[in-house]
Protein chains: 2
Amino acid sequence: MATGSAANVTRIMLAVDVSTMVGYPIACISSLGAFKWAIQKIVRSNVSDFELLLLHVPSDQAFCGGDIGKIYTSPECFETMESRDHARGLHLLEYFVKRCKEIGVACQAWIVTGDPKTAICLEARRIQPDLLVMGSRALSLVYLSIGTSVSDFCLKHAECPVVRIKRRPDEAPLNPLYD
Amino acid sequence: MATGSAANVTRIMLAVDVSTMVGYPIACISSLGAFKWAIQKIVRSNVSDFELLLLHVPSDQAFCGGDIGKIYTSPECFETMESRDHARGLHLLEYFVKRCKEIGVACQAWIVTGDPKTAICLEARRIQPDLLVMGSRALSLVYLSIGTSVSDFCLKHAECPVVRIKRRPDEAPLNPLYD
């Protein structure tokens with residue numbers, strides 16, 4: 001995956017994720033914002049000089065949204081969950097690949113599993129993009145003090161230039177944890 | 001300064017600094033690397049769609065390089081120092097403005113005084129660039145643990161997307177503190 005890029009194009013890696021809003025398995029606000037920023041501010045009309053590398057690392061959805069309160073009675077329950085997460089990931093990447101096609105910019109998209117922040121950094125090391133663009137919820141200091149976000153981790157540890165595009169306040173839903 | 005930009009161009013702010021190497025008052029390695037990255041990887045051939053905003057904040061040079069061991073006997077010594085720092089800053093900006101002219105990309109350049117990390121963030125708030133590009137010495141964890149670097153501070157506090165371009169190991173001089 002993400003090999004065989006044309007020589008001498010700027011390779012922008014975008015880590016994209018699904019929305020955390022229950023029953024809304026499309027791109028999250030932050031990913032959409034990061035994609036829009038990369039296209040409008042960096043690629044602009046110069047589509048032949050760029051390639052977007054779209055990576056999705058499904059986070060553990062077992063304790064989010066629709067799964068809260070669910071009773072697991074057999075190993076098959078988890079298999080269903082995994083295939084559902086994979087389908088969500090494919091749906092997500094399909095959206096971005098279609099958008100790239102419409103815009104006319106080359107792209108590659110793929111899914112890897114694992115801890116998102118570690119997987120993104122490992123993929124960045126393997127792929128060596130010119131720029132890694134990450135969305136961020138721009139949560140308040142109270143939220144940020146609880147732990148390190150995926151984008152914080154990647155800003156510190158990814159071995160390539162990283163830019164974090166924060167969600168604008170007017171783009172945020174009422175619950176800032178939703179994205 | 002840095003006003004009146006053409007509408008609908010991507011405005012890239014670059015914080016540039018002079019070399020810390022004694023007797024070498026030109027751009028530091030990190031600033032040159034950041035400039036080169038912005039031109040080669042982002043602007044590319046699409047020069048009419050970008051504007052570079054080149055900011056220099058002279059850091060306190062009194063305790064660096066040529067001033068170590070100097071005896072200050074009157075207020076005029078400091079005036080000389082200030083005018084020398086200003087001349088260095090102008091020399092630095094002249095280099096980058098000339099490079100922009102050669103490349104064909106629009107630019108604006110200016111100097112502000114103050115604590116560099118705070119001044120850069122305040123200028124970013126005032127100017128609201130689409131991207132702030134900063135060079136970095138990519139010092140080891142030992143150095144980084146001593147304090148917060150200018151780029152660390154700006155990554156955390158600037159109210160715009162920030163990307164830090166680390167110096168490649170093969171670009172570094174023998175003393176990693178030199179830049």
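In this text, all values refer to a predicted model and were calculated from it rather than measured experimentally. Just so we're on the same page: letters track the sequence lines, and every chain starts at 1.
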Exercise. Please name all residues satisfying ring-ring contact (aromatic ring centres under 6.0 Å, His included) with Phe35(B), sequence neighbours left out, ordered by chain then number.
Key: Phe96(B)
Practice problem: Under 4.5 Å heavy-atom distance to chain B, tell me which part of Ile165(A) shows up: side chain, backbone, both or neither. | Solution: side chain
Exercise. Spell out, yes or no, whether Leu54(A) and Val47(A) are grouped together once hydrophobic residues are joined by side-chain heavy atoms under 4.5 Å, including indirect joins.
Key: yes
Between these two chains, chain B and chain A, I want each donor-acceptor atom pair under 3.5 angstrom written on its own line with its distance.
| from | atom 1 | to | atom 2 | distance (Å) |
| --- | --- | --- | --- | --- |
| Asn8(B) | O | Arg44(A) | NH2 | 2.5 |
| Thr10(B) | OG1 | Lys41(A) | O | 2.7 |
| Thr10(B) | OG1 | Arg44(A) | NH1 | 2.8 |
| Trp37(B) | NE1 | Asp130(A) | O | 3.4 |
| Lys41(B) | O | Thr10(A) | OG1 | 2.6 |
| Lys41(B) | NZ | Asp130(A) | OD1 | 3.1 |
| Arg44(B) | NE | Asp49(A) | OD2 | 3.2 |
| Arg44(B) | NH1 | Thr10(A) | OG1 | 2.8 |
| Arg44(B) | NH2 | Asn8(A) | O | 2.5 |
| Asp49(B) | OD2 | Arg44(A) | NE | 3.2 |
| Asp130(B) | O | Trp37(A) | NE1 | 3.4 |
| Asp130(B) | OD1 | Lys41(A) | NZ | 3.2 |

Practice problem: Report whether Val162(B) and Leu122(B) are members of the same hydrophobic cluster (ILVMFWY, side-chain heavy atoms less than 4.5 Å apart, transitive linking). | Solution: no
